[in-house]
Amino acid sequence: MIERTAATARVSFIDRTYDLKRKPSGIGIKYGSSDAALIIDGTSAIFVAPDRLQLGACTEAFPVALRG
């Protein structure tokens with residue numbers, strides 16, 4: 001799961017969370033730390049970390065509005 005603001009992003013897995021800061025980028029929106037990077041370009045995303053191999057495709061999800 002990814003939670004992000006203009007300045008930060010938090011990438012969470014079942015066993016680990018990565019806190020990233022926004023970085024300048026010529027390709028999409030980039031967040032990074034000393035051990036991970038996240039690049040978001042439209043509805044596509046790439047996450048890279050040395051302890052996360054073969055993640056597969058990232059997909060964008062939107063919360064469903066509650067009927068009330």
Side-chain angles (χ1 to χ4, degrees):
M1 180 171 68
I2 299 170
E3 299 173 70
R4 66 185 179 118
T5 67
T8 64
R10 175 172 278 179
V11 179
S12 300
F13 293 90
I14 292 171
D15 60 343
R16 178 143 185 218
T17 298
Y18 301 84
D19 290 311
L20 312 172
K21 293 184 180 181
R22 180 93 179 248
K23 306 286 185 183
S25 175
I27 303 172
I29 300 168
K30 181 178 180 181
Y31 299 90
S33 69
S34 62
D35 64 345
L38 170 68
I39 299 172
I40 300 171
D41 190 10
T43 58
S44 298
I46 297 171
F47 180 76
V48 179
D51 60 342
R52 298 285 164 187
L53 302 174
Q54 301 176 359
L55 289 176
C58 296
T59 57
E60 185 174 19
F62 298 96
V64 176
L66 295 175
R67 295 178 194 213

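Remember, it's a predicted structure, so these values are computed and weren't measured experimentally. All residue numbers in this chain count up from 1 along the given sequence.
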Gap separating the CG atom of Asp51 from the OH atom of Tyr18, nearest 0.5 angstrom: 3.0 Å
Listing, residues 21-30 side-chain donor-acceptor contacts under 3.5 Å, not counting sequence neighbours, or none:
from  : atom 1 : to    : atom 2 : distance (Å)
Arg22 : NH1    : Ala6  : O      : 3.2
Ser25 : OG     : Ile27 : N      : 3.0
Ser25 : OG     : Ile27 : O      : 2.7

Residues that Ser12 engages under side chain to side chain contact (heavy atoms under 4.5 Å, CB included), provided they are two or more places apart: Arg10, Thr17
Please report the C-alpha distance between Phe47 and Tyr31 in whole Å, then the side-chain angles of each, then the deciding distance to 0.1 Å, and finally whether the ring pair (Phe, Tyr, Trp, His ring centres under 6.0 Å) criterion is met. CA-CA 10 Å; Phe47 180 76; Tyr31 299 90; over 10 Å; no
For residues 34-42, which side-chain donor-acceptor pairs fall under 3.5 Å, sequence neighbours excluded?
from  : atom 1 : to    : atom 2 : distance (Å)
Asp35 : OD1    : Ser33 : OG     : 2.8
Asp35 : OD2    : Arg16 : NH2    : 2.7

